[in-house]
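To find a chain, count down the sequence lines: A is the first, B the second, and so on, and within it residues start at 1.
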Amino acid sequence: MAFGKGCHLHLIDGSAFIFRAFHALPPLTRKSDGLPIGAVAGFCNMLDRYVENNSGPDAATHVAVIFDKGSITFRNELFDAYKANRSEMPEDLRPQIPLTREATKAFNIACEEMQGWEADDIIATLSCRARDAGGRVTIVSSDKDLMQLVGDGVEMLDPMKNIRIDVDGVRQKFGVDPDRVVDVQALAGDSVDNVPGAPGIGIKTASQLIEEYGSLEELLDRAGEIKQPKRRQILLEHRAQIELSKRLVQLDCDTPLDFGLDDLEIRDADPEVLLDFLNRMEFRTLTRKIADRFDREPPALPEAAPQTGVPAAEAEAPIDHGAYEVVRDAVALQVWLDRIAAAGSVAVDTETTSLDEMQAELVGISLATEPGVACYVPLAHRAGGGDLFDTDALAEGQMPMERALEMLRPMLEDPAILKIGQNMKYDFKILARLGIEVAPIDDTMLLSYAQHGGLHGHGMDVLADRYLNHQCIPIKDLIGTGKLKVTFDRVTIDKAAPYAAEDADVTLRLWRLLKPRLHSARVTQVYETLERPLVPVLARMEMAGVKVDRDVLSRMSGAFAQKMAEFEADIHAKAGRPFNVGSPKQLGEILFDELGLPGGKKGKTGAYGTGADVLEDLATEHELPRLILDWRQISKLKSTYTDNLQTHINPETGRVHTSYSIAGANTGRLASSDPNLQNIPIRSEEGRRIREAFVAPEGRVLVALDYSQIELRILAHVAGIEELKQAFREGQDIHAITASQMFGVPLDEMTPDVRRQAKAINFGVIYGISGFGLARNLRIPREEAQAFIDTYFARFPGIRDYMDATVKFAKANDRVETLFGRRIHTPEINAKGPGAGFAKRAAINAPIQGTAADVIRRAMVRMEAAIAGIDARMLLQVHDELLFEVAEDQAERLMAVAREVMEGAHMPVVDLSVPLVVDAGQGTTWAQAH
DNA sequence: CCTGTCACG
DNA sequence: GACGTACGTGACAGGG
C-alpha cells in the first residue's frame, strides 16, 4: 500500500529508548560471557510492549525506529561546540548500541540512520513527507526538540507516561505554537546540547517575547523597542549568537534519504528470526513470552561458557523451606561431607547466641551445596519449647558438638574445598575460637561490595531481595525483639532449621550469581587483593584486641563527673535557672529566648541550632556558651569514652575487641564499631589522655605507624601537580609550600596563620571545595574564601582539571574509580536538586580517600607474612595508621619492617610519582606511641 | 526511631 | 535567581 491518506506513521526515537532502558535497569550481563546487556533487554521490552499495544484506531500502518549515527553532524560545522558538553557514552553501553539495531531488525521494524544527520532530522523529514502525503504521524519520544514538528496531523507520544502531546501540549511547554518553538529555543538556548541562546533568558522570558513580537526575526529587528534596558542590550549584543542558535535547533526537513515512506510499512516479525535473536541475548522471560504468543516452544538455551558453568538463577527452583534437611547424627553428616567433597565448594553459615563474636556460643551450622540443597546441623539448642519451661539442658536429637566439629574440621580446613559465606569474618571468628581455621573462603557480601559499592547495602536481606527476589525469614520471627528477645539456642530446632538452612541456600545462590560477574565488572583484582584476603587478617586483629586499663578509665570518669557537676552549677547560675544542659532544645530556649542572645537560627525541626560553631560565635557575647562547650567536651569524653569503653572490656581477655566492617564505607575505608576505636580523642589535650588507657602488657610496647599526608600525596599524583610532587619528594612542609605558591610569600617569611589557611584549602580540595565550606571552616567572609579558591586554582590549574574530569567520568559511568580499580558508584550524580552538589563532592573525594584506603588494605594484607618472624601483632587500623603490640626488644625491628611494607604497599600495581612516607612511634601507651 | 551533637581520619 | 553546600564514619543523649 502506498503511503497516503488514512495511513499512520509511527517514528520511534531509538536513542531515547536506549538511554531510558540503560538508566532504568540494573547493570545486567549476559550469563554466558558477561557481556553487558541491560540496555538491550530494556530496549526489547519496550519494543515488545509497543508492538503489543499497537492496535485499535490509532494503530500504525507504517513504523520506523530512527537512530543517531556518529556524533559529528552538519551542526558542528555551524558551531563546533555543539553538544560539546555531552558526557561520554558509558563504557557498558557502547557495545550494546549495535545490538539495539539488530534487535529492531529482529522485530522486523524498519531501522534507519544517516551519517551526518541526527535522528531528529530524519524524523523531521519523514514527518513532513508523511504529512504532505496526507497521512498522520506519531513521534514516539518526549524530546522537546521534536515539538517544533507537531501540528497538521503530527503528534508526539511520551512512551513512558503514555500521554499524547498535541498543539496544546506544546503550548503548555513552550507558551507558543509549534511553529514558533524554534524561536523560543533559539532565545532560551539549551545547556544539554550546548546551544548558547541569549544569556540570562529562559523559556519563560523567551515565550513572552515571541508572543509579543510574533517571531524571532521581528523581535530582533525591533529589539531597540524593548523597554527593559538589560534585556534590550542582551538581544542587541547577542544577535548573531541567537541567529546561530536558531539554525542549530531548527530541524532539517530535507534530509536526503535512501528510502521512502513505503519502505516503512508495518510487517509481522518472523518468529524464527526474533526468537533466535532473543535467545542469543539469553533473555529468558521475554523469549518465553514471545514464544507463547507465536504458540511455539522456546528454543533451547545456548551452551553456557565453561568457565562459569552456572545455570541461570532465574531458572533455579524457588526457595523451599520444606526441602531442607536437619542433620542429627554422624551418618547423615557424612553424607553431606561426601556431597561437599564432590562439589568442591559449600556455603556455610553459623548460628550463635550473640552478634558479638567474642562472646557468642555456637548453636548450629548450616550447609548448602546447590540451590535448594541445604541442611541445618543443630548442635546446642536448649530443651523446652521456647517458652517458660525452657531449661539449660540440651534438646534431643543433636550431635555432640565435639563430634560434629571433628567431622567438619577437615572439610572446613581443606584447601581444595571453597567455603562460601555471607560476612565470612563472623563465621571465621566463631570457628577460630573453637580451634578451626576456615580456608579458603569466598564472601558474597564482599563480592557484592566489589561490584556494586555505592549502589546499595550488602547485607544478605538486601542482596536476596535484589538478586533473588526473595525475602528472607526475619530473625525477629524466631528470637523476638526488645524485652522478650531470646538467644538463638532458645529457638526450637524445627523453627531454627528453615531459617538457618535458608541462609546457606541464599548465600550459595548469591555466590553463583555474583562470582561469575566479577570479571566482566573488572573488579576481580579488587576482590582478590583488597577484600577477600582482608577477612582473616581483620578477624585475627579483632580477636587479638587491645589492652585497656580499666583503672585509668575509671579514675578519669570520676574526675570528669566532678568537673561536670562544677560546670553544671556554674551554668545553672549563669542561665538564671536549672535546666538539662544536655538538651539542645532547652539550651536553645535559654540562650535565645530567655537571655536574648543574637543569631538564634531555627533548623527545619523548629529547634534552635546550638552546635559548637554557633556557641563559639556566641562566646564573645556571654559567658554561658563557653561553659556549655567545656561541659559538652567533658560529657562526651565521659559518656562515650571513659564510661562506655569500660563496658567493652572482655572479661576473659581483659582487652577491647572492636569489630571492623569491610563493606560498610562507600569509599573502601573500614569502619569500626562496638566500640568504635577509630575515633578515640587526640586533637584536644584533655581527650588525648584517653589514649593513656590503651596500654601494652608487661614486657611489650605499642608501636604506631601512620602515613604522612597520604591523601594529599595521592591528589598530587593523580592531578599531576609538579610543584606539589616536588615538595613531597624533597620532604618539605606541604601546607607552607601551598601558601607560598598561592600568596607569593617566601618560605622563611611564612606566618602560622597564612599556613593555616593554606592547610584548610588543601583539605578543602580533597573534599570538593566550595566557597561556602571554606568560609565556614576558616571563619572568614565567603567572598574572601572564594578569592582564595580562585587563587588556588589559578596557581594549580591541574587540580581543577582533575576535578572536572572526575565529575565528567562519574556522570558518564555513574561511578568513579581508585587507582587500584575499586569502583565506587555515584548513583545520585546525575540527579537534579541539592543532592547533585553532594554527589559531585563525594565523587571528587572518593578516588582520593578510596585510593588511600586501598593502599593501607594492601599493607595490612602483606603485613602478617612480613612480621612473621617478629613477636608482634597488628591490633588496630585507623584509616592511615596501624597500631601494633610487640615484644619490647623487637620494637625497632618491627618499626623498620612494617614501615617498609606500608611505604611500598602500592607497588607493583601502582607506581606513584610521589613517595609514601610513614611516621612511627612507640611507647607503653597509645598516647606515647604517637 | 530520628535528630543534633561531636569524636576521629 | 535562589538555595544550600566542604568528604568519610559511629556513639550518645534527648525527645517524640
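- A:Gly582 comes within 4.0 angstrom of the backbone, heavy atoms only, and of no base.
- Within the 4.0 angstrom heavy-atom criterion, no nucleotide atom of any strand lies near A:Ala836.
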Note to self: Applying ring pair (Phe, Tyr, Trp, His ring centres under 6.0 Å) to A:Tyr792 and A:Phe796, what does each step give before you reach the verdict?
What the structure shows: CA-CA 6 Å; A:Tyr792 182 89; A:Phe796 303 113; 5.0 Å; yes
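- Out of C:dC7, C:dC12, C:dA6, the shortest distance to the side chain of A:Ser639 is found at C:dC12.
- In this structure, A:Ile766 reaches neither bases nor backbone, as no heavy-atom distance under 4.0 Å exists between it and the strands shown.
- A:Glu711 has a carboxylate O that lies under 4.0 Å from a charged side-chain N of A:Arg669, or vice versa, which qualifies the two as a salt bridge.
- Among the protein residues, A:Ala607 comes within range of no part of the nucleic acid, since none of its heavy atoms lies under 4.0 Å from any strand.
- To the nearest angstrom, P of C:dG10 lies 17 Å from CG of A:Leu645.
- If you take CG of A:Asn679 and P of C:dC12, they are 10 Å apart, rounded to a whole angstrom.
- One finds no salt bridge joining A:Glu885 and A:Lys547 here, because no Lys/Arg side-chain nitrogen approaches an Asp/Glu carboxylate oxygen to under 4.0 Å.
- Among the atoms of the strands shown, only primed sugar atoms or phosphate atoms (P, OP1, OP2) are found under 4.0 Å from some heavy atom of A:Gln633.
- Annotation: B:dG4 and C:dG4 have their P atoms spaced 14 Å apart (nearest Å).
- Separating the CZ atom of A:Phe772 from the C1' atom of C:dC3 is a distance of 10 Å, rounded to the nearest angstrom.
- For the pair A:Ser635 and A:Gly664, nearest-nucleotide mapping onto DNA chain C gives the more 5' position to A:Gly664.
- As rounded to whole Å, 17 Å separates atom P of C:dA13 from atom CG of A:Leu587.
- Closest to the A:Ser673 side chain, of the nucleotides C:dT5, C:dG10, C:dG8, is C:dG10.
- Using a 30° and 60° split on the angle between ring planes, A:His458 and A:Tyr449 fall in the perpendicular class, above 60°.
- A:Gly611 comes within 4.0 angstrom of the backbone, heavy atoms only, and of no base.
- Close to C:dG15, at under 4.0 Å from its OP1 or OP2, lies a side-chain N or O of A:Gln586.
- Contact check on A:Arg756 versus A:Asp753 returns a salt bridge, with a Lys/Arg side-chain nitrogen under 4.0 Å from an Asp/Glu carboxylate oxygen.
- When rounded to the nearest whole Å, the span between CZ of A:Phe763 and C1' of C:dA6 equals 13 Å.
- Among the heavy atoms of the strands lying under 4.0 Å from A:Asn644 are primed sugar atoms or P, OP1, OP2 only; no base atom is included.
- Rounded to a whole Å, the CG atom of A:Asp674 is 13 Å from the C1' atom of C:dC12.
- Put simply, chain A comes within 4.0 Å of DNA chain B, heavy atom to any atom, from B:dT3 to B:dG9, going 5' to 3'.
- Distances from the side chain of A:Tyr767 to the nucleotides C:dG8, C:dA6, C:dG10 place C:dA6 closest.
- Looking at heavy-atom distances under 4.0 Å, A:Ile682 makes contact with sugar-phosphate atoms alone, never a base.
- A:Asp880 comes within 4.0 angstrom of the backbone, heavy atoms only, and of no base.
- Ring centroid separation for the pair A:Phe694 and A:Trp926 comes in under the 6.0 Å cut-off.
- Contacts of A:Arg782 with the nucleic acid, taken as non-hydrogen atoms under 4.0 Å apart, include base atoms.
- Between the OH atom of A:Tyr660 and the C1' atom of C:dT9 there is a distance of 13 Å, given to the nearest Å.
- Using a 4.0 Å heavy-atom criterion, one finds that A:Gly609 contacts the sugar-phosphate atoms exclusively.
- Base pairing of C:dA2: no nucleotide in any strand meets the Watson-Crick or G-U wobble criterion (both distances under 3.5 Å).
- For the C1' atom pair drawn from B:dA7 and C:dC3, the interatomic distance equals 30 Å after rounding to whole Å.
- Remark: the A:Glu881 side chain and the A:His930 side chain contain an N/O donor-acceptor pair separated by less than 3.5 Å.
- Here A:Asn580 reaches the OP1 or OP2 of C:dG14: one of its side-chain N or O atoms lies under 4.0 Å away.
- Taking atom CZ of residue A:Phe560 and atom P of nucleotide C:dC12, one finds them 16 Å apart after rounding to whole Å.
- A salt bridge links A:Glu686 to A:Lys563: at least one charged side-chain nitrogen sits closer than 4.0 Å to a carboxylate oxygen.
- Distances shorter than 4.0 Å separate some side-chain N or O of A:Arg841 from OP1 or OP2 on C:dC7.
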Problem - Criterion side chain to side chain donor-acceptor pair (under 3.5 Å) on A:Gln678 and A:Gln877, from CA distance to verdict - result: CA-CA 7 Å; A:Gln678 290 181 321; A:Gln877 189 251 42; 3.0 Å; yes
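- Among the heavy atoms of the strands lying under 4.0 Å from A:Ser770 is at least one base atom, whether or not backbone atoms are also near.
- A:Arg779 and A:Asp617 are joined by a salt bridge, as a carboxylate oxygen and a charged side-chain nitrogen come within less than 4.0 angstrom of each other.
- Among the protein residues, A:Arg776 comes within range of the sugar-phosphate backbone only, with heavy atoms under 4.0 Å from sugar or phosphate atoms but none that close to a base.
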